[in-house]
Number of protein chains: 2
Amino acid sequence: MPLWIDEETDEQPRVPLSRRRVLRAAVEVADRDGIDALTMRRVAQELGVEPMSLYHHVANKEAILDGLIEMVIGEILAAVEDGQGPDPAEDWQGALRWRILAAREVLLRHKWTPSVIQTRTSVSEAAIAYYEGVLAILRAGGFSYDLAHHALHALGSRAMGFAQELFEPEEPSEEMDAALMEQMAMKYPHLAGMMAAIAHDDPDTTLSWCDDATEFAFALDLILEGLERRRLS
Amino acid sequence: MPLWIDEETDEQPRVPLSRRRVLRAAVEVADRDGIDALTMRRVAQELGVEPMSLYHHVANKEAILDGLIEMVIGEILAAVEDGQGPDPAEDWQGALRWRILAAREVLLRHKWTPSVIQTRTSVSEAAIAYYEGVLAILRAGGFSYDLAHHALHALGSRAMGFAQELFEPEEPSEEMDAALMEQMAMKYPHLAGMMAAIAHDDPDTTLSWCDDATEFAFALDLILEGLERRRLS
DNA sequence: ACCTGAACACCGTTCAAGT
DNA sequence: ACCTGAACACCGTTCAAGT
């Protein structure tokens, strides 16, 4: 029997399964293959283990999804503790803006986060800790608890760095010929006008139809300014 | 053989299946039993038909979900065409506000809409028609196409009447005893302070933690005012 | 043409058994 | 204690057959 068979057979000392290892594998699968690929069987495969083994470390698939969000918010908390934004007592808008954009950076690495958060029914302690940080900034900026409460709702998911677009920006289909285009323009003149204006203003962004980062910042600043006016009034 | 058997056996002239009937049944199931109960088998049962029969009228389940959104937006369009809001040329904020709150009324009858919209990958013509109406208001209010484009993104899902809360408002659990409460207050003083302040300000709303309609309107007005300032600057 | 029944390939999960 | 294999109850969907 040749040596390489021995090497193949001679396994590494098995590192035991744990909740953390299961969740890390789940994040890996979701990042690499998308959230739809996240099945119990697939996570087990990622760990070189039978599906049923996972149930010794997580209650069920829902618990894995909860854990996924816990992991992401953990990453966000680590990021905001690392870096240093403006002093909230002097510039609450800058401080909150910095924190939210830091969260956004993390989310860009885990694009499935918004869709998973939407389905959670309970709030993890990690999420509570994140909210606490946002509230601390608002309070340092002179917000009453009541206005801060309104602010949290007005920000909604934007507080954690993502905006809920009504529909995902779809690629303008190549197959749309001139005739159909003209018919569309007849029925929907304002939309046609807007698309033409945007294409004209900035031809480079025509493909993606809009720059997510730019739009996110535009809306965020709009809300922050509005809250500041409410605070002063 | 008694008469009632005959009546039972003698079926009504079978009204044939159609795409519309399938979609109406799907809306009915989703409204009554929730979106998770919406399976091909369940819709078929609702129609007194075998699951496979559905496939003669819709391509697959995704097509049903697309159709569901089409139905809801259809309802919204009917509602905004029926009623009469302010004249957009004189009061674009009032006109848009009226339109969005009309859409919200419809969504309250179909609470599954936000979660389904999130999963759609293509934009239906109904959605295009709705956007066209929003754009018409903004244009009548004096918006450039560019600013109108920003406005659509800033509104996001709010343009159709729903806000994406970061987490669903959960009921304050009854089991949370005083000791745990105090521990929470130590770790998260701002959150504890806010919850106390809110409970104090308006004890009647403590149970639901926040009034969705109030918060929706607060954030909507914040954005509309911000857009008006951008328009004038 | 429209509808059907059996079957397939996937899920999450229970259960009784292994080490 | 931790892990496993077989099995169950559900999906969406294909296919060949009925009327």
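Below, read A as the first sequence line, B as the second, and so on, with proteins coming before strands; counting in each chain starts at 1. Because the structure is predicted, anything quoted here is derived from the model rather than measured.
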Secondary structure of DNA chain C per the Watson-Crick/G-U criterion (both distances under 3.5 Å; [ ] crossing, | other strand, . unpaired) is ||.|||||...|||||.||
Scan the side chains in residues 45-56 of chain A for donor-acceptor partners under 3.5 Å anywhere in the protein, sequence neighbours excluded, and list what turns up.
unit_1  : atom_1 : unit_2  : atom_2 : d
A:Glu46 : OE1    : A:Arg32 : NH2    : 3.1
A:Glu46 : OE2    : A:Arg32 : NH2    : 2.7
A:Ser53 : OG     : A:Glu50 : O      : 3.2

- Item | For DNA chain C, the residues among residues 36-46 of chain B that have a non-hydrogen atom under 4.0 Å from it |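 Within residues 36-46 of chain B, no residue comes under 4.0 Å of DNA chain C.
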Could you work out, with side chain to side chain contact (heavy atoms under 4.5 Å, CB included) as the rule, every residue matching [X], not counting sequence neighbours?
X	answer
B:His190	A:Glu132, A:Leu135, A:Ala136, A:Arg139
B:Ala78	none
A:Ala26	A:Leu38, A:Val43, A:Ile64, A:Leu68

List the residues meeting ring pair (Phe, Tyr, Trp, His ring centres under 6.0 Å) with [X], not counting sequence neighbours, and say none if there are none.
X	result
A:His150	B:Phe218
B:Tyr131	none
A:Trp112	A:His110

* Asked: Of all residues at least two apart in sequence or in a different chain, which pass the side chain to side chain donor-acceptor pair (under 3.5 Å) check with A:Arg42?
  ->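 Counting only residues at least two positions away or on another chain, A:Arg42 forms a side chain to side chain donor-acceptor pair (under 3.5 Å) with A:Asp33.
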message: Looking at A:Asp31 and A:Arg109, is any side-chain nitrogen of the basic one under 4.0 Å from a carboxylate oxygen of the acidic one?
response: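 A salt bridge is absent here (no side-chain N lies under 4.0 Å from a carboxylate O).
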What residues, two or more places apart in sequence or in another chain, satisfy salt bridge (Lys or Arg N to Asp or Glu O under 4.0 Å) together with B:Glu125?
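Per chain and number, B:Glu125 pairs via salt bridge (Lys or Arg N to Asp or Glu O under 4.0 Å) with A:Lys187.
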If you take any heavy atom closer than 4.0 Å to DNA chain D, which residues from residues 51-68 of chain A end up in contact?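 A:Met52, A:Ser53, A:His56, A:His57, in order of number.
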### Query
Taking CG from B:Leu47 and C1' from C:dC3, how many angstroms apart are they, rounded to a whole number?
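So the CG-C1' distance, B:Leu47 to C:dC3, works out to 13 Å.
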